[in-house]
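Presented below is the structure to which this report refers.
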Amino acid sequence: MYETDVWSGLADFLANMIEKYAGQMDLDTLPDPRQKSRLKCIEEMYRRYMRLSAEARQAA
């Protein structure tokens, strides 16, 4: 049996479930994942800045 045949049943099932429930899930109102990613990057940069700033003050 070909690998595509093995996965085609699952792919069909998932496509049917998405089609059936997409309207009920209201996918258009989900938050933008890129915004969450940007906030994580900003928080990480702020933590690094604060750590480096504290280290510089201690070294002085």
Would you give me the side-chain donor-acceptor pairs under 3.5 Å for residues 17-25, sequence neighbours excluded?
none

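- Residue pairs meeting the salt bridge (charged side-chain N to carboxylate O under 4.0 Å, His left out) criterion with at least one member in residues 23-35, sequence neighbours excluded: Asp32-Arg34.
- Salt bridge annotation for Glu44-Lys40: absent, with no cationic side-chain nitrogen under 4.0 angstrom from a carboxylate oxygen.
- Sorted by first then second residue, the side chain to side chain donor-acceptor pair (under 3.5 Å) pairs that include residues 51-60, not counting sequence neighbours, are Ser53-Arg57.
- In the hydrophobic clustering, Tyr46 connects to Tyr49, Met50, either directly or through intervening members, whenever side-chain heavy atoms lie under 4.5 Å apart.
- Listed by chain and residue number, nothing satisfies the side-chain hydrogen bond (donor to acceptor under 3.5 Å, both in side chains) test with Glu43 (two or more places apart in sequence, or in another chain).
- Here Leu39 sits alone; no ILVMFWY side chain lies under 4.5 Å from its own, so it joins no hydrophobic cluster.
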